[in-house]
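Some notes on the structure that comes next.
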Amino acid sequence: MRSINSRRLFSGTGLIVTGLAATLVALIFPIWSYSDRSGTGVDTLNAQTLSTRYGPLSALDRDFVTKVRLAGLWELPAGQQAEERGTTQAVRTAGEHLVEGHTFLDERVREVASQLGLQLPNQPNEQQQAWLGTLSAARGEEYDVQFANILRKAHGKVFGLVAQVRANTRNSLVRRLADDANTTVLDHITVLEATGLVDFDALARDAATASPPPLTNSPAPPGPTDSPSPPVPVSPSPAARSASPTYTLPPPATSRPPEDDEPKDPKGPKNSEASKDGDTGGDKSGNKKP
């Protein structure tokens, strides 16, 4: 009898202890599940972010501003070189775009850095100097190929960074700089590809080597199938047509609106037709305004 009671007592105590432990875990777990706890991405973001009058300035924002400056330090002289050494008009045109685009961007990035209190480099990095060395050593058609592919590869990598910064930055100055950089980089990618010398297979292999493999395997391409028939437009039934809402459109404009900003002739418009026919008499009140 005592053993039965002791087992019941032990069983009840175990349930109570288990319940208390579960409650304690439930209370502690939310504290460790916060996204901004120490060591998380949000905690790192907060620790590396500076407050400015234009909004928070993250480490990625500062890295972006620096890279815009670095891009101009080597791409602008590369564009000047292409204007002189390019053997085709397309290569020389691409060089002109590089010079114009990075002259504009470099002025913008120096202005932004000054407002944010950031220091900018004055020399290209080692990789960029190596690219300039490769271009300087090339001649003729080899130069054209090296120029198109080196610059296109570099712009492709910057393009992804610009998109990431533009999507996530909380700083208004960085956001506007990203807009300008996006327009400029896309223009440069377009003119470089217009040379017809870009090796897209090499770009794809380089991207595949640099990025991790996908989490799931892509399905194999389907086998040959019959060509689909052309689409057939569907005419609505009379019932559906009657149930469709109708909207009243405004009347079409028959003349241009008056332009108040233009100076008006105090003497009024002259009747050129009457002058041609020599008719200076008659009722002047019948003249119509043009």
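Quick note: residue numbers are just sequence positions, from 1.
Taking OG1 of T66 as the reference point, atom CD of Q119 lies at 10.0 Å (rounded to 0.5 Å). Atom NZ of K153 is separated from atom CG of N149 by 9.5 Å, given to the nearest 0.5 angstrom. Atom OG1 in T49 sits 7.5 Å away from atom CG in D61 (nearest 0.5 Å). Annotation: the span from H97 atom NE2 to I189 atom CD1 amounts to 14.0 Å, rounded to 0.5 Å. To the nearest 0.5 Å, atom CZ of residue R152 and atom CD of residue E193 are 4.5 Å apart. The distance from atom CD of Q164 to atom CZ of F64, rounded to the nearest 0.5 Å, is 11.0 Å.
Minimum interatomic distance between E75 and L151 (heavy atoms only, all atoms of both residues): CG-CD1, 3.7 Å. Nearest heavy-atom pair across H102 and A71 is CE1-CB, 3.9 Å. The nearest pair of heavy atoms linking V162 to A181 is CG2-CB, 4.2 Å. The two atoms that bring G79 and V99 nearest to each other are C-CG2, 3.6 Å, heavy atoms only. Here the closest non-hydrogen pair linking A194 and A90 is O-CB, 4.2 Å. Shortest non-hydrogen contact noted between G95 and A82 is CA-CB, 3.9 Å.
Salt-bridge check for D63 with K67: passed, with a basic side-chain N closer than 4.0 Å to an acidic carboxylate O. Under the 4.0 Å criterion applied to side-chain N and carboxylate O atoms, D106 and R110 are assigned as salt-bridge partners.
Between R53 and Q115, the closest side-chain pair of non-hydrogen atoms is not below 4.5 Å. In this structure, the side chains of K157 and D206 come closer than 4.5 Å at one or more pairs of heavy atoms. A heavy-atom distance below 4.5 Å is not found between the side chains of R166 and V174. Between R69 and N122 there is a side-chain heavy-atom pair separated by less than 4.5 Å. Within the 4.5 Å cutoff, the side chain of V145 has no heavy atoms near those of the D199 side chain. Looking only at side-chain heavy atoms (C-beta outward), N171 and P56 stay at 4.5 Å or farther from each other. Side-chain contact between L177 and V109 is present, with at least one heavy-atom pair separated by less than 4.5 Å.
L120 and L73 are assigned to two separate hydrophobic clusters, defined by single-linkage of ILVMFWY side chains at heavy-atom distances under 4.5 Å. Both L192 and Y143 belong to a single network of hydrophobic side chains, linked directly or stepwise wherever heavy atoms of I, L, V, M, F, W or Y lie under 4.5 Å apart. In the hydrophobic clustering of ILVMFWY residues, with side-chain heavy atoms under 4.5 Å counting as a link, V191 and L98 come out apart. There is no path of hydrophobic side-chain contacts, each under 4.5 Å, that joins V68 to L70. Hydrophobic clustering (ILVMFWY, side-chain heavy atoms < 4.5 Å, transitive): V91 and W131 are in one cluster.
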* Begin from the C-alpha positions of R175 and D179 and carry the test salt bridge (charged side-chain N to carboxylate O under 4.0 Å, His left out) through to its verdict. => CA-CA 6 Å; R175 190 176 300 115; D179 286 338; over 6 Å; no
* **Full working for side chain to side chain contact (heavy atoms under 4.5 Å, CB included) between V65 and L173** => CA-CA 10 Å; V65 173; L173 289 182; over 6 Å; no
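Using modelled atom types, one side-chain atom of Q129 and one backbone atom of P124 make a donor-acceptor pair closer than 3.5 Å. For T169 (side chain) and V165 (main-chain N/O), no donor-acceptor pair under 3.5 Å exists by modelled atom type.
For L186, the side-chain contact (heavy atoms from CB on, under 4.5 Å) criterion is met by F159, T190, not counting sequence neighbours.
Heavy atoms from other residues, nucleotides or ligands lying under 6.0 Å from CD of E107 number 12 at most. Atom CD of Q89 is surrounded by more than 12 heavy atoms from other residues, nucleotides or ligands within 6.0 Å. Applying the 6.0 Å contact sphere to CD of E141 captures no more than 12 heavy atoms from other residues, nucleotides or ligands.
Within the 6.0 Å centre-distance limit, the rings of H188 and H155 are counted as a close aromatic pair.
Looking at T195 and D144, their side chains never bring a donor and an acceptor atom within 3.5 Å of each other.
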